[in-house]
A.B. asks: 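Take this structure, written in structure tokens, and hold onto it; I'll ask about it next.
By convention in this document, chain letters (A, B, ...) are assigned in the order of the sequence lines, proteins followed by strands, and residues within each chain are numbered from 1.
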Number of protein chains: 2
Amino acid sequence: MTGFFQTASGQRCALSAVMGLRERKKLDAWRTIRSTALRLISERGFDAVSVEDIAAAAGVSRTTFFTYFPNKEAVVHDLDPAELQQWRELLEDPRDGMPLWDALTEVLLGLARLLEQRLPLQKRLFAQSPELCQSSRGPCASYQPDLEEWLSRRTTDGDDLRTALTFSTAMAACTTAIAAWDPDDSYEHFREILRDCLRWAGAGLARPVS
Amino acid sequence: MTGFFQTASGQRCALSAVMGLRERKKLDAWRTIRSTALRLISERGFDAVSVEDIAAAAGVSRTTFFTYFPNKEAVVHDLDPAELQQWRELLEDPRDGMPLWDALTEVLLGLARLLEQRLPLQKRLFAQSPELCQSSRGPCASYQPDLEEWLSRRTTDGDDLRTALTFSTAMAACTTAIAAWDPDDSYEHFREILRDCLRWAGAGLARPVS
DNA sequence: TTCAAACTTGTACTCAGTTCAGGTTTTGCC
DNA sequence: GGCAAAACCTGAACTGAGTACAAGTTTGAA
């Protein structure tokens, strides 16, 4: 999530198009490190795996690990560059005509669609290594900076406090839905939970002024 | 916040009553370490002060620091034992007859009253050392475990998902109010912001079923 | 072929957090 | 007052995260 692939070649990298050898290697390395890390962590638990273990198992140096991931937790949270591109596309449109709550709902449901492959594994990791739950702010918080940037691109339609509250309430709904979902259930079920949470939480916030 | 004074003498310690020399010294040490730490951190910033610096300046060993505070951040977040006692008293009553949202509102407004002395300084620290904002989950999150325990003591009146959502929405309102408040304004103003946030966020959640 | 930019790596460092064995202080009790 | 046990403090030694940097290697383009 934190500026490596984003800033790498100026623009976001053309994933499906022809990439230089350099970029292809980088992507490979990223994926190798990540999948190695996830395998080790799901086997032994987050704290029982050191960055050194991960680097060694991925055939890379410890230093290199930290050029790909800003910290150990990021290897669990960060998006694959391909997903990242979809996520950026989802955020391109500030949905300016739409009331904030509706726009947020749309973006978060879109995000849920993107996470279909990752979220089940991630929840299992969290369940296995409670140390992750403590130290990190949950899967959802990784997207908060991007969302804040998105929010700032919308033309502000009034009360800042209300805007901030609406935003954080939507994030809370998201976090709650993730927490409530059992990863053994269908992903569709998760999306229903999320829809419910957003609907309930938004009931009082959906319309501009009270 | 994390089990030192709580578990020390079995019960919570009788602060105003006669305490043994041992407990008085412990409390003194706690306060010395804390105030020393806050002074240094507000002078130099969170990351520029090491635990060793704090311990040395407080006339105590590094090891001792970690018996009083579970980690470096806790020195900013943890409650003074006197405040902690008031906070526990506030949570004694599960407010069982009351709808969840109203009970939460009451507890959180009570918490706001307790924090009058601490919050302004704390916000200033956060403003000065952005590294704190990143790594920690905000002042509000310190109280979450206690609140969850309080929540679990209430007789559950229905839908777990809705309960969880209500809870996290109230926390979000609290966090938002803290973020929105300017510590140079009056504390009363903060409490108004918090009331507004709770009212707005709760508009859709206040009544049991939708 | 050549050169600059991008990437990797080992080394060496700082600091958070843990463990533990000994020394010191407090307390309850005689 | 004196004593033993419990509680407390401390220094030393350790693990592991994260950073800085200089030297080496690979890639892309001319």
Side-chain angles (χ1 to χ4, degrees), chain A residues 2-10 13-14 18-30 32-33 37 40-41 44-78 129 131-132 134-136, chain B residues 2-10 13-14 18-30 32-33 37 40-41 44-78 129 131-132 134-136:
Chain A
T2 343
F4 187 64
F5 282 95
Q6 290 93 310
T7 62
S9 48
C13 50
V18 193
M19 297 189 298
L21 174 57
R22 188 154 262 165
E23 279 183 333
R24 236 178 305 127
K25 273 195 167 179
K26 213 158 75 163
L27 188 53
D28 280 355
W30 192 96
T32 304
I33 296 173
L40 292 180
I41 291 172
R44 305 186 212 158
F46 187 78
D47 276 4
V49 177
S50 71
V51 171
E52 185 132 13
D53 294 338
I54 297 170
V60 106
S61 84
R62 216 178 74 91
T63 313
T64 300
F65 176 93
F66 283 109
T67 73
Y68 281 88
F69 298 93
N71 52 57
K72 190 181 167 189
E73 278 185 14
V75 89
V76 176
H77 292 304
D78 278 10
S129 359
E131 56 271 23
L132 253 183
Q134 299 308 325
S135 70
S136 97
Chain B
T2 342
F4 185 67
F5 283 94
Q6 291 92 310
T7 61
S9 49
C13 50
V18 194
M19 296 189 300
L21 175 56
R22 187 154 263 166
E23 278 183 336
R24 235 177 306 128
K25 274 196 165 180
K26 213 157 72 163
L27 188 52
D28 280 356
W30 192 96
T32 304
I33 296 174
L40 293 180
I41 291 173
R44 304 186 212 161
F46 187 77
D47 276 4
V49 177
S50 70
V51 172
E52 187 132 16
D53 293 338
I54 298 170
V60 104
S61 82
R62 216 177 74 91
T63 312
T64 301
F65 176 94
F66 283 110
T67 72
Y68 280 87
F69 298 93
N71 53 56
K72 191 182 167 189
E73 278 186 16
V75 90
V76 176
H77 293 303
D78 279 10
S129 359
E131 56 270 23
L132 253 183
Q134 298 308 327
S135 70
S136 96

A.B. asks: What is the separation between atom CD on A/E131 and atom C1' on D/dA17, rounded to the nearest whole Å?
C.D. replies: 15 Å
A.B. asks: Side-chain N or O of A/Y68 versus OP1/OP2 of C/dT8: is the shortest distance under 4.0 Å?
C.D. replies: yes
A.B. asks: Within this structure, what is the CD-CZ distance for the pair A/E52 and A/F65, rounded to the nearest 0.5 Å?
C.D. replies: 12.0 Å
A.B. asks: To the closest 0.5 Å, what do you measure between CG (B/N71) and CG (B/D78)?
C.D. replies: 8.0 Å
A.B. asks: Are OP1 or OP2 of D/dT26 and a side-chain N or O of A/K25 less than 4.0 angstrom apart?
C.D. replies: no
A.B. asks: Using OP1 and OP2 only, check whether a side-chain N or O of B/T64 sits under 4.0 Å from D/dT10.
C.D. replies: yes
A.B. asks: Taking only nitrogen or oxygen atoms into account, show me every contact under 3.5 Å that the protein makes with nucleotides 12-18 of chain C, one pair per line with its distance.
C.D. replies:
from, atom 1, to, atom 2, distance (Å)
C/dA16, OP1, B/K72, NZ, 3.2
C/dA16, OP2, B/V51, N, 3.2
C/dG17, OP2, B/K72, N, 2.7
C/dG17, N7, B/R62, NH1, 3.3
C/dG17, N7, B/R62, NH2, 2.8
C/dG17, O6, B/R62, NH2, 2.6
C/dT18, O4, B/R62, NH2, 3.4

A.B. asks: Nearest 0.5 angstrom please: B/T67 OG1 to B/K26 NZ, how far?
C.D. replies: 8.5 Å
A.B. asks: Specify the separation, in whole Å, of atom CZ of B/R24 and atom C1' of D/dC8.
C.D. replies: 16 Å
A.B. asks: Could you walk me through whether A/T32 and A/V60 pass the side-chain contact (heavy atoms from CB on, under 4.5 Å) check?
C.D. replies: CA-CA 10 Å; A/T32 304; A/V60 106; over 6 Å; no
A.B. asks: Would you mind reading off the distance between A/R22 atom CZ and C/dA5 atom C1', rounded to a whole angstrom?
C.D. replies: 7 Å
A.B. asks: Output the rounded distance in Å from CG (B/D28) to C1' (D/dC9).
C.D. replies: 16 Å
A.B. asks: Separation of A/I54 atom CD1 from D/dG18 atom P, in whole Å?
C.D. replies: 10 Å
A.B. asks: Any sub-3.5 Å donor-acceptor pair from A/D28's side-chain atoms to A/K25's backbone N or O?
C.D. replies: no
A.B. asks: Hey, what do you get for CZ (B/F69) to CD1 (B/I54), rounding to the nearest 0.5 Å?
C.D. replies: 9.0 Å
A.B. asks: Could you state the CD1-P distance from B/I33 to D/dC8, rounded to the nearest angstrom?
C.D. replies: 13 Å
